[in-house]
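Reminder, nothing fancy here: chain letters follow the sequence lines and each chain counts from 1.
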2 protein chains.
Amino acid sequence: MSPKTADPAVRARLIESAARVLAEEGPNSLTARRLAAEAGTSTTAVYTFFGGMDQVWHAVRREGFARLATHLDATPDLADPVANLVAGGAAYLANGMANPNLYRAMFDRHDVPDIGNDTFGRLVGAVRRCVDAGRFHRVEPLRSLGWAVQSWTMRHGMVSLAIAELMPAEHVPLHFADMSRCLFIGYGDDPEAAERSVDLAMREWRPVDPAGAS
Amino acid sequence: MSPKTADPAVRARLIESAARVLAEEGPNSLTARRLAAEAGTSTTAVYTFFGGMDQVWHAVRREGFARLATHLDATPDLADPVANLVAGGAAYLANGMANPNLYRAMFDRHDVPDIGNDTFGRLVGAVRRCVDAGRFHRVEPLRSLGWAVQSWTMRHGMVSLAIAELMPAEHVPLHFADMSRCLFIGYGDDPEAAERSVDLAMREWRPVDPAGAS
DNA sequence: TAAGTTACGTAACGATGTTACGGCATAATG
DNA sequence: CATTATGCCGTAACATCGTTACGTAACTTA
């Protein structure tokens, strides 16, 4: 029923090449022929594995979210849920700014919800841990979900403005800490504790494996 | 020196058509031939007026920022600088969510700074009026500029997540008011006044001329 | 071993951005 | 007003894009 099974390694090389070409040369260089040449095959293989360039872009976006998840998982546990939330944001920013083309592609089309759910789930968990620890107000669950959305709003807006060069890259940590302070103070009852958490995260967090961030 | 001068009306129609096709049918439908047909001319005209599709996209982005500026100017004066800042943000959100394809295009490439300076200047002015009125901390000018950048971060992040359907459109006003409260409380000395300003803006602000927002 | 099924290289098709060429309308000049 | 020259823009071509028809080779299955 399945003679001459398709080689999964070719598919992996195609995605890998797609992400690399996109990152290094921009979206205009990501063509079917270029992709086939990079993977040492022909354009037909692109269609047997993906069905079309739309699905290639979809796969590239999935890959982008997967790499982001890897970086989020690699952040050390600071034993302070609010600091962990801030550290996750810092990792998010570092990942996005290290890969502007890939990051832009991740939000370029309308299929983000399907492939971004896992990333968002991580963020929801981080916020919930803040609520459970009494660091954020204990409100209705929908409102708590909203805080995760608002955190993502801040992260995404900051990466986008930074890679569009509307915000100087060297100011990003300052702005991120500043906005995090304002938001997380507002989410909880203890302004000083929130401020300490932000300072702790900005002091302790270090970008993990920047080479693999591409 | 300039026989058979180019008709500026044709250029205006090209930009108008480009913005409309982009808004109604998406970026894939914005082709040179389609554009020429819409404006009743041939593809050569596109090159005499713009030089290439890249410059067409640049002009479309300029048009997008120009329309945004029109909407920002149309917001009523609430005689409260912080409320005006919030109202400007609401207008920004309404404009972006009414024109998702145009908004996406505005931040898609690397030429945003050139054409977004005027929009950013407006935001800086609104923040400065808050500082001058004593509603925000009187800090060094660079920090005050940073508050404008942070406001833009919030606005842009929110529009982007909303048009990517990562944030339900009906939750946008709630999240915007919530984040504005947290940020602007943190920027000033009087939390109650900030809260009143946000409530005032969210109560008094109305979208202006939604038909022309396209 | 034989047959059947599937991957994938070759080469084509339509559509894209871009450009060479030529006609012709219009400004500049006497 | 006549002449000239300048440059807009319609036609048609070119390279390259995504996509697909077709054929061959390779692998599974019986």
Side-chain angles (χ1 to χ4, degrees), chain A residues 1-63 101 104-105 108-111, chain B residues 1-63 101 104-105 108-111:
Chain A
M1 288 297 258
S2 65
K4 187 167 187 183
T5 53
D7 187 357
V10 176
R11 188 181 205 276
R13 269 187 303 168
L14 283 171
I15 294 184
E16 153 66 25
S17 298
R20 187 170 44 78
V21 169
L22 173 60
E24 293 175 1
E25 306 182 30
N28 294 336
S29 296
L30 185 48
T31 71
R33 286 171 177 80
R34 172 68 186 277
L35 204 47
E38 292 274 333
T41 178
S42 78
T43 62
T44 317
V46 175
Y47 288 83
T48 57
F49 280 109
F50 298 98
M53 285 305 288
D54 278 358
Q55 287 92 323
V56 170
W57 281 99
H58 185 85
V60 167
R61 285 189 280 276
R62 285 192 65 89
E63 175 72 11
N101 283 320
R104 248 190 297 264
D108 243 7
R109 293 280 185 272
H110 298 281
D111 58 359
Chain B
M1 289 294 260
S2 66
K4 185 162 188 184
T5 54
D7 189 357
V10 175
R11 187 180 205 276
R13 270 187 303 167
L14 283 172
I15 295 184
E16 153 66 26
S17 298
R20 186 169 44 78
V21 170
L22 172 61
E24 294 175 0
E25 306 182 29
N28 293 337
S29 297
L30 185 48
T31 72
R33 286 169 177 80
R34 172 69 185 277
L35 204 48
E38 293 273 334
T41 178
S42 78
T43 62
T44 316
V46 174
Y47 287 84
T48 58
F49 281 110
F50 297 98
M53 286 304 288
D54 279 357
Q55 287 91 324
V56 170
W57 282 99
H58 184 86
V60 167
R61 284 189 280 275
R62 285 192 66 89
E63 174 73 10
N101 283 320
R104 246 189 297 262
D108 243 5
R109 293 279 185 271
H110 298 279
D111 57 359

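- The minimum heavy-atom distance linking B:Q55 with B:G51 is given by the pair OE1-C, 4.0 Å.
- Contact detail for B:S42 and B:A36: the closest heavy-atom pair is C-CB, 3.3 Å.
- By the 4.5 Å heavy-atom criterion applied to side chains, B:D111 and B:W57 are not counted as neighbours.
- For the residue pair B:T41 and B:A45, the shortest heavy atom distance occurs at OG1-CB, 3.3 Å.
- Considering all non-hydrogen atoms of both residues, B:T43 and B:R33 come closest at CG2-CG, 3.7 Å.
- Of the residues in residues 29-42 of chain B, those placing a heavy atom less than 4.0 Å from an atom of DNA chain C are B:L30, B:T31, B:A32, B:R33, in numerical order.
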For residues 10-22 of chain A, dump all side-chain donor-acceptor pairs below 3.5 Å to protein atoms at least two apart in sequence or in another chain.
unit_1 : atom_1 : unit_2 : atom_2 : d
A:R13  : NH1    : A:A39  : O      : 3.3
A:S17  : OG     : A:R13  : O      : 2.8
A:R20  : NH2    : A:E38  : OE1    : 2.7

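- Heavy atoms only, all atoms of each residue included: B:V46 and B:M53 are closest at CG1-SD, 4.3 Å.
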Please write out the pairs of protein N or O atoms and N or O atoms of nucleotides 20-22 of chain C separated by less than 3.5 Å, giving the distance to one decimal.
none

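- Within residues 45-63 of chain B, the residues having any heavy atom closer than 4.0 Å to DNA chain D are, in order of number, B:T48, B:F49.
- Sorted pairs that involve residues 45-55 of chain B and meet salt bridge (Lys or Arg N to Asp or Glu O under 4.0 Å), not counting sequence neighbours, are lacking altogether.
- Contact between A:F50 and A:A59 at its shortest, heavy atoms only, is CE2-CB, 3.7 Å.
- For the pair B:T43 and B:V10, both in contact range of DNA chain D, the more 5′-proximal nearest nucleotide belongs to B:V10.
- B:R62 is linked by a side-chain contact (heavy atoms from CB on, under 4.5 Å) to B:H58, B:I115, counting only residues two or more places apart in sequence or in another chain.
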